Amino acid sequence: VKRMEGCRACATKLGNAARFVQMNLAGDEPTLESLDRTTLALPERWILAELEHAVAAVNRAWESYRFDEGCREIYQFVWNDFCDWYVEMAKPVLENDRGPGSGARGPERRAEDVRAVARGVLLEALKLLHPVMPFITEEISAHLAGDGPLITTSYPVATGRWADDDARRQLAVLQAVVQEVRSYRHLVGLSPATRLAVVLPSVDEELKLALAPLKAEMVRLAGLSDLALGGQAPAGAVCDIAGGVDVAIVLPEGALGDAELGRLRQEMGQAAGELEKIRARLADASFTARAPADVVAGAQERAAELERKTK
């Protein structure tokens with residue numbers, strides 16, 4: 001019963017996302033095949049790269065008769081990648097559409113690009129999903145003016161055209177930082193309306209360049225008062241690692257009660273104790289000489305992580 005309820009929820013979420021996309025279409029959107037990936041902004045390149053990855057994974061699953069894996073890959077792409085992330089990132093662009101031709105190509109997101117990618121990716125997702133949910137996908141496709149009934153169209157095949165490991169890696173950092181802030185706010189019992197400031201001290205120049213155009217988007221999604229890409233972590237900030245980058249969360253004064261402050265002190269003490277033990281192991285010549293290289297490397301990575309966390 002719970003699994004059926006989950007499928008119903010997925011169908012509802014897909015329908016809501018499709019309604020949003022349809023409401024914002026101008027009617028003259030180009031096909032995905034006519035787009036030039038190099039002119040698209042990071043979120044558009046990312047969702048196309050995730051589509052490429054999902055298509056390849058789903059076809060591998062079908063070919064090996066792993067229907068459970070195929071359905072799981074489709075669910076992950078439709079629910080998480082497209083509905084939870086891409087549609088949310090598309091909303092401010094489409095709701096504040098300044099009209100065709102506004103903005104520059106590349107980092108600046110253009111509403112016409114977002115509309116074309118949102119429609120094209122949704123149609124491809126419907127084709128992927130059609131063998132599993134034929135009636136709903138046919139209904140939605142008809143409202144998007146697709147290429148005829150889905151049952152007569154070719155099933156998606158990965159071509160490698162949209163593969164973009166850099167876009168997937170860079171967007172994964174954005175997602176991880178947003179999720180880290182949301183999780184921390186929930187962990188300490190703060191209201192979702194409580195704005196937090198965040199500093200990413202260790203972000204490199206390439207990542208900073210990629211994320212800078214999406215700074216306002218990260219502020220909106222994570223509910224921040226401020227976001228700094230680079231710089232020193234402020235004294236008293238809560239430090240952790242998300243997506244491979246250091247994250248320093250600055251709380252408003254008086255936001256935490258005595259109980260939470262005590263929990264944080266205890267956590268820092270535990271981290272400091274663990275760091276001391278790892279350092280002692282790494283200082284032992286017999287350990288570094290006899291232990292497998294991957295074990296030593298793992299201890300060094302953990303020590304570096306704890307050092308950043310206890311600064």
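Predicted, not measured: the structure shown is a model, and the values here were computed from it.
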* Step by step, would you call L207 with Q170 a side chain to side chain contact (heavy atoms under 4.5 Å, CB included)? -> CA-CA 7 Å; L207 188 57; Q170 291 161 356; 3.8 Å; yes
Ignoring hydrogens and angles, tell me if any N or O in the side chain of [X] forms a donor-acceptor pair with the backbone of [Y] under 3.5 Å.
X    : Y    : result
N16  : A11  : no
N24  : F20  : yes
K127 : S154 : no
Q22  : L144 : no
S34  : T31  : yes

Between atom [atom1] of [X] and atom [atom2] of [Y], what is the distance when rounded to the nearest 0.5 Å?
X    : Y    : atom1 : atom2 : answer
L190 : R185 : CG    : CZ    : 7.5 Å
L200 : D246 : CG    : CG    : 9.0 Å
L214 : R220 : CG    : CZ    : 11.0 Å
E44  : M89  : CD    : CE    : 8.0 Å
F77  : L129 : CZ    : CG    : 11.0 Å
E217 : L174 : CD    : CG    : 8.0 Å

Does the side chain of [X] reach to within under 4.5 Å of the side chain of [Y], using non-hydrogen atoms?
X    : Y    : value
I47  : W162 : no
V55  : E124 : no
L42  : R45  : yes
F287 : V295 : yes
V198 : D226 : no
V247 : I241 : no
I140 : T137 : no
V177 : V245 : yes

Going by an N to O cut-off under 4.0 Å, is there a salt bridge joining [X] and [Y]?
X    : Y    : result
R60  : E63  : no
K13  : D84  : yes
R161 : E33  : no
E29  : R119 : no
E50  : R168 : yes

* Asked: Would you call the rings of W79 and Y75 parallel, tilted or perpendicular, where under 30° means parallel and over 60° means perpendicular?
  -> parallel
Indicate the atoms forming the closest heavy-atom contact of [X] with [Y], along with that distance.
X    : Y    : value
T288 : L282 : CG2-O, 3.5 Å
E73  : A57  : CD-CB, 3.6 Å
V296 : A291 : CG2-CB, 3.9 Å
G243 : A176 : N-CB, 3.4 Å
D164 : A167 : OD1-N, 2.9 Å
G223 : R195 : CA-NH1, 3.3 Å

* Show the numbers, then the answer: is there a side chain to side chain contact (heavy atoms under 4.5 Å, CB included) between V121 and L123? => CA-CA 5 Å; V121 170; L123 282 171; over 6 Å; no
* To do: Report yes or no: do W46 and Y86 form a side-chain donor-acceptor pair below 3.5 Å?
  => no
[X] atom [atom1], over 12 foreign heavy atoms within 6.0 Å:
X    : atom1 : answer
K277 : NZ    : no
D204 : CG    : yes
Q76  : CD    : yes
R169 : CZ    : yes

* Begin with the C-alpha distance, continue with both residues' side-chain angles, and end with the deciding distance and a verdict on salt bridge (Lys or Arg N to Asp or Glu O under 4.0 Å) for R279 and E276. => CA-CA 5 Å; R279 281 175 172 168; E276 187 177 346; over 6 Å; no
So if you build clusters from Ile, Leu, Val, Met, Phe, Trp, Tyr with side-chain heavy-atom gaps below 4.5 Å, do [X] and [Y] land together?
X    : Y    : answer
V250 : V219 : no
V199 : I249 : no
W62  : Y65  : yes

* Asked: Does the side chain to side chain contact (heavy atoms under 4.5 Å, CB included) test come out yes or no for L221 and W85, once each step is laid out?
  -> CA-CA 10 Å; L221 291 171; W85 285 102; 4.1 Å; yes
* Please report the C-alpha distance between D68 and R66 in whole Å, then the side-chain angles of each, then the deciding distance to 0.1 Å, and finally whether the salt bridge (Lys or Arg N to Asp or Glu O under 4.0 Å) criterion is met. => CA-CA 5 Å; D68 58 329; R66 292 303 306 269; 3.0 Å; yes
* Verdict with reasoning, T153 to H130, per side chain to side chain contact (heavy atoms under 4.5 Å, CB included) -> CA-CA 10 Å; T153 60; H130 185 258; over 6 Å; no
